[in-house]
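Down below is the structure, laid out as structure tokens.
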Amino acid sequence: MNLFEIYSARLHAALSTLAERGALPAGLNLGRVVVEPTKDPAHGDLATNAAMVLAKDAGTNPRALATLLVEELSKDPEIAKAEIAGPGFINLTLQPAVFTTVLKAAIDAGLNYGRGPAKPEPKVNVEYVSANPTGPMHVGHGRGAVFGDALASLLAFAGHNVTREYYINDAGAQVDVLARSAFLRYREALGEDIGAIPEGLYPGDYLKSVGETLAKAHGPALKDKPEAEWLPLVRKVAIDGMMDMIRDDLAALGVVHEVFFSERSLQAVDGNKDAVRETIEDLRSRDLVYEGRLPPPKGQKDEDWEDREQTLFRATQFGDDVDRPLLKSDGSYTYFANDIAYHRSKFMRGFTEMIDVWGADHGGYVKRMQAAVKAVTNEKGALDVKLCQLVRLLRNGEQVRMSKRSGDFVTLREVIDEVGRDAVRFMMIFRKNDATLDFDLAKVVEQSKDNPVFYVQYAHARCASIFRQAREAFPDLDLTPVTLSQADLSILTDEAEVGILKSIAAYPRVIEAAAAAHEPHRVAFFVHELASAFHSLWNKGKDSPQLRFVNQTDRKSTLARLAFVHAVRSVLASGLAVAGVAAPEEMR
RNA sequence: GGGCCCGUAGCUCAGUUGGAUAGAGCAGCAGCCUUCUAAGCUGCUGGUCGCAGGUUCGAAUCCUGCCGGGCUCGCCA
């Protein structure tokens, strides 16, 4: 039940009625008309800009049109008051019963309250993490992981048909470096003294277990073979080992992908067809690939720049700034070429809506990828790229230094192990994706109001606690949702209660808007605000005993308030579920 | 130099895709606190929304130009 949709429909009906009567021209464009919550309770419950937006096309002025609309809307028995305000807003005040109806609906729907209607099409693909399989994930990867996962959950909850995908970058030169690094650890595992890890190889200890696996499986057999022979084999074992580790870390975060897509599988190796070549030929056949020269980068002198003819994709035809190369000078595919083939694969698997979650350092890559998606899908597919900014890791306000060089940088896993999955998940989306994020290891485990994770979870636990207490006070009271939703809710008239009722009514709209904007942080902010309002109401009961949820001497009001608390709890749990954060029964 | 992102209270950030008097938390100030088990509550102070133009009934939001910060710039992924 979405209040704003309902009244939007009624507003449209009123406009049609006016059109039929000839008071308005027919066929007005209603695209910009919105029904939204008011910021100020003095403005009533709902507001619409209809009169201001439509006045010009209707050949009248906003206030005259508003007068007509108000007259029409006032006939609605659920609208207690409709009035014109400011430059032509129409403010609607609803009968209080409308909000209790919403509350009942929320209780009846339970955790499905706010869920959008199922939309099988378009199929949506969310690609996130896609960390290189060359080492453990760091905190920055964690942000992308949580963001992508929460976004996917949000879209799914809004009704979309979502697939979660991970692109394994297992085809570039860096996995060969990984293989060489692992080979050293293999020799080490055989008892050889390998000394310091040479510059340019991965020094981390995490490759030791790969070395041991290799030693166990092959004994000394690989040791004296030429690199060309052992590299493919070692590479596979190393990549598998790294992916196991990454999957493990993701599992610790509660992040699970449905599809792991290998970059290597796009190339003519291991018996695969050459999907990259196929993609390039497809584009070439439509004159979107050509042999040509590129101007050198402007303003920046580059000694190594060599003007030569190369194979280029006409990215400029789709809004990019320059055409982009598909082949390196040694004839192999560029990363971009592979990525085009990959996104073409997504399209061929039925995904017309693609969302990629990348680190902010890949911002310069967005335009060309969007151009490629347009080209490869014949403009039938769309790509939205969400860039996640850096995470600054702090402890009590002081930056935790991460020296990647030595190999002993702070891993995502260490952070999860220290502060817990819920804290990491909530904090990672408690900020807009394109703003840098401060993550304080000390603060996120604090049990105080300053810690948003605790604050929101505590609100949920407090709801549960109230129920435990109610059962003690009224052992015979039936507290199942079915009974609660029948309670007489008309006593919920305190300002603080009404405010929360309005929040609950706004939840479906928040979900819908957050999903449309691909912004899961809005859900995190919403639950935080709801938690805040709820704690505040709870504290109000200190001075005003009649506002307490459990009232030993009044079964009727207790039942109504428990219905209210049940709905609050349910919406908190729902929002936390989107975030992937646990909704605990108690905080001990 | 080109492109992209950011700039909102002393600090950290929201701002419902163009709406009404720009909000919240922290910090600061003033009270309250033997709490429906609970790690606090209430109120106040605080703003040239980086700057300057433009678009329109209306701009923090859209357009242009500057200023400042970050990222990025063929054969890394």
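Throughout, protein chains are lettered first and strands after them, A, B, ... in sequence-line order, and every chain is numbered starting at 1.
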(request) Tell me what A:Val366 touches on the nucleic acid: a base, only sugar-phosphate, or nothing, going by heavy atoms under 4.0 Å. (result) nothing
(message) Taking A:Leu178's backbone N and O only, do any of them form a donor-acceptor pair with A:Thr134's side chain (distance below 3.5 Å, no angle check)?
(response) no
(message) Please give the distance between the P atoms of B:rC11 and B:rG53 as a whole number of Å.
(response) 26 Å
(request) Scan A:Arg324 against the nucleic acid and name what it touches under 4.0 Å (heavy atoms): base, sugar-phosphate only, or nothing. (result) nothing
(message) Can you say whether a donor on the side chain of A:His521 sits under 3.5 Å from an acceptor on the base of B:rA14, or the other way round?
(response) no
(request) Using a 4.0 Å heavy-atom cut-off across all strands, classify A:Lys540 as base, sugar-phosphate, or nothing. (result) nothing
(request) Look at the side chain of A:Asn91 against the base of B:rA20 and say whether a donor-acceptor pair falls under 3.5 Å; ignore hydrogens and angles. (result) yes
(message) Need one value for A:Ser448: base, sugar-phosphate or nothing, where a base atom within 4.0 Å counts as base even if backbone is also close, heavy atoms only.
(response) sugar-phosphate
(request) Verify ring pair (Phe, Tyr, Trp, His ring centres under 6.0 Å) between A:Phe534 and A:Phe549, making sure each step is shown before the conclusion. (result) CA-CA 11 Å; A:Phe534 182 70; A:Phe549 300 116; 5.4 Å; yes
(request) Would you kindly compare A:Asp434 and A:Ala517 by the position of their nearest RNA chain B nucleotide and give the one closer to the 5′ end? (result) A:Asp434
(request) For A:His528 and for A:Leu537, find the nucleotide of RNA chain B with the closest heavy atom, then tell me which residue's nucleotide is more 5'. (result) A:His528
(message) Is there a side-chain contact between A:Arg32 and the phosphate of B:rG19, meaning an N or O under 4.0 Å from OP1 or OP2?
(response) no
(message) I'd like to check A:Arg561 versus A:Arg548 (side-chain heavy atoms, cut-off strictly below 4.5 Å). Are they in contact?
(response) no
(message) Categorize A:Ser465 for me: base, sugar-phosphate, or nothing, with a 4.0 angstrom heavy-atom threshold over every strand shown.
(response) base
(request) Name the nucleic acid region contacted by A:Gln174, choosing base, sugar-phosphate or nothing; use a 4.0 angstrom heavy-atom cut-off, strictly under. (result) sugar-phosphate
(message) Under the criterion of centre distance below 5.5 Å and interplanar angle below 30°, is A:Phe89 classified as stacked on the base of B:rA20?
(response) yes
(message) Contact between A:Arg277 and A:Gln267 at the side-chain level, heavy atoms closer than 4.5 Å - yes or no?
(response) no
(request) Quote, to the nearest angstrom, the C1' distance that separates B:rA14 from B:rA22. (result) 11 Å
(request) Report the C-alpha distance between A:Tyr166 and A:Tyr128 in whole Å, list the side-chain angles of each, state the deciding distance to 0.1 Å, and finish with yes or no for ring pair (Phe, Tyr, Trp, His ring centres under 6.0 Å). (result) CA-CA 6 Å; A:Tyr166 185 121; A:Tyr128 56 106; 8.3 Å; no
